[in-house]
Amino acid sequence: MSVPASRGAPLRLLTPLLTGFAALALWELAVRWLAIPPYILPGPVQVLQTLWSDQAILAPALGVTLWTTLEALALAVVGGVLLALLFSRSRLLSAALYPFAVVLQVTPVIAIAPLLLVWLEPGSAVLVCAFLVAFFPVLSNTAAGLQAIDPGLDELFRLYGASRWQRLVRLEAPTAAPHFLAGLRIAGGLALIGAIVAEIAAGAAGQGSGLAWRIVEAGYRLNIPRMFAALLLISVSGVLIHAGLSLLSRLLPGRGAPP
Amino acid sequence: MKQNAEGRAALVRMRDVALAWGNGVTALDGLTLDVRAGEFLAILGPSGCGKSTALRLMAGLLAPTRGQVRRDGGLTAAGRVGFVFQDPTLTPWSRALANVRLPLDLAGVARAEANERAAAMLALVGLAGFERAWPHELSGGMRMRVSIARALATHPDLLLMDEPFAALDEFTRARLNDDLLALRDQLGFTVAFVTHSSWESVYLADRIVIMSARPGRVLDEIGVTAPPGRGAAFRASPAYASQCAAVLALAAAASGAVA
Ligand SMILES: Nc1ncnc2c1ncn2[C@@H]1O[C@H](COP(=O)(O)OP(=O)(O)OP(=O)(O)O)[C@@H](O)[C@H]1O
Ligand SMILES: [Mg+2]
């Protein structure tokens with residue numbers, strides 16, 4: 001896609017980098033000058049040191065949380081897209097099932113987690129929680145995308161006697177794609193949040209697993225630098241997931257009408 | 001094929017056609033109209049009188065509530081009728097060539113042959129070299145040319161056009177008028193052309209029908225006398241001006257009949 005040349009690009013990248021660096025420097029200086037003890041607030045340098053020294057504990061935890069997030073996201077994509085397709089084929093089904101999806105969506109996952117932990121073993125409960133929050137944006141955005149079909153193109157496909165398959169592949173899928181990807185972007189962030197929330201709810205039951213459990217555990221031991229290190233990993237994961245999914249939208253051909 | 005008074009076969013015969021929408025609006029009532037093989041028919045009428053509805057009936061996209069729409073047997077196969085909408089209605093996710101190729105793809109024409117035919121049609125509408133352009137990179141007039149090329153890609157017998165040039169500036173519109181006449185000379189299709197402009201109708205058509213306000217039916221019919229090829233000389237001629245005035249008067253009377 002060609003756009004008018006802009007001079008703002010370096011500035012847009014440089015400004016947040018500079019402010020971010022300045023904030024970190026200020027943080028480090030404040031911790032040193034005010035002699036704040038590490039069990040209250042560690043400086044960024046110490047957080048990085050902890051990240052390195054505790055990697056044997058943090059790396060596997062990161063792996064567990066990320067894997068849960070991705071699994072949940074994959075399930076949400078498959079379930080959300082299939083259900084959206086079903087909804088677009090049958091008004092009755094849509095009217096009958098959509099309320100359930102909404103109820104699941106508006107009920108805070110933290111309130112469902114204890115129940116799931118009773119029913120399921122901790123690993124599965126965490127996965128289901130992450131899936132539940134990631135599922136709805138995929139479903140609702142894809143369903144909206146499938147309804148956003150240009151009426152003129154719809155008539156054109158009928159005029160040329162397009163088969164159901166041709167309609168799905170050449171009209172419905174490309175129309176819904178940008179909406180779906182917007183939903184996926186939201187779902188990616190939510191899946192991570194869902195996994196973290198469920199891990200925290202699992203508490204001691206989830207012993208030795210994800211990053212959130214490491215935060216809870218470090219809290220019990222007042223190991224604040226490790227808490228910060230785990231937090232940092234969660235934030236970076238969230239940013240990377242968002243960036244990766246945003247990149248997907250850029251791969252869409254032409255100008256798939258952005259929702 | 002039935003012969004009409006002029007001795008030319010009718011591609012579409014509409015007899016006493018009524019069409020009522022589900023919401024109770026009666027768009028057409030008592031519409032009797034032929035589209036004769038080889039002619040350029042212009043349909044003029046006040047806004048909302050059912051012109052677009054009439055075209056959709058001709059295309060077989062709608063069935064009449066009452067009366068008869070008889071389409072020539074040759075028109076029933078996919079691709080025998082082309083439709084150009086008021087908006088270009090291109091797929092934003094495919095390039096110009098793929099847009100033109102769409103009817104051929106839907107008909108299962110092999111890719112290499114479809115590409116060749118689509119490229120030839122793009123060249124015919126004056127867009128050689130724009131095969132790889134995305135729709136959003138083209139001007140309004142160019143997009144309409146792509147839309148026309150798409151409608152002609154299957155070499156249809158009947159081309160239905162619904163105010164195709166209404167959104168274009170006067171000069172682009174005049175150019176496209178000339179190019180449309182040249183294309184018709186070259187390819188020999190029949191045209192039914194809806195317009196709001198009496199000037200456009202006289203410049204393009206062999207025959208003009210004027211419809212009443214809703215519910216639409218044919219109020220008047222006028223034949224156009226013009227030198228073959230038409231062109232700038234015809235546009236500047238007193239014969240053109242006087243025929244425009246006559247059509248304008250009839251159209252004004254038709255709109256005023258109810259308003
Ligand atoms: N899908 C629809 N459902 C219900 N009513 C419709 C529908 N399409 C058109 N109508 C109504 O039918 C009537 C005729 O519509 P149509 O679009 O054929 O008019 P038109 O002559 O093409 O108007 P214009 O010149 O403004 O394009 C209008 O009153 C319109 O409101
Ligand atoms: Mg119309």
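Note that this is a predicted model, so its numbers are computed, not measured. So that the names make sense, note that chain A is the first sequence line, chain B the second, and so on, each numbered from 1.
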Flag the pair [X] / [Y] as yes when at least one side-chain heavy-atom distance between them is below 4.5 Å, and no otherwise.
{"X": "B:T89", "Y": "A:D150", "result": "yes"}
{"X": "A:Q166", "Y": "B:D105", "result": "no"}
{"X": "B:R150", "Y": "A:L156", "result": "yes"}
{"X": "B:W93", "Y": "A:P178", "result": "no"}

Side chain, backbone, both or neither: which part of [X] has an atom under 4.5 Å from a heavy atom of chain A?
{"X": "B:L102", "result": "side chain"}
{"X": "B:R95", "result": "neither"}
{"X": "B:F85", "result": "side chain"}

Neighbour count above 12 (heavy atom, 6.0 Å) for B:F130 CZ: no
Exceeds 12 heavy-atom contacts within 6.0 angstrom, atom CZ of B:R117: yes
Nearest-0.5 Å distance, [atom1] of residue [X] to [atom2] of residue [Y]:
{"X": "B:T91", "Y": "A:R170", "atom1": "OG1", "atom2": "CZ", "value": "9.5 Å"}
{"X": "B:R80", "Y": "A:L159", "atom1": "CZ", "atom2": "CG", "value": "11.5 Å"}
{"X": "B:L55", "Y": "A:E155", "atom1": "CG", "atom2": "CD", "value": "10.5 Å"}

Which of A:G152, A:P151, A:G161 touches chain B most, by non-hydrogen pairs under 4.5 Å: A:G152
Positions in residues 88-98 of chain A that reach chain B, provided some heavy atom is under 4.5 Å away: none
Which atom of B:G82 lies closest to which atom of A:Y160, heavy atoms considered: CA-OH, 4.3 Å
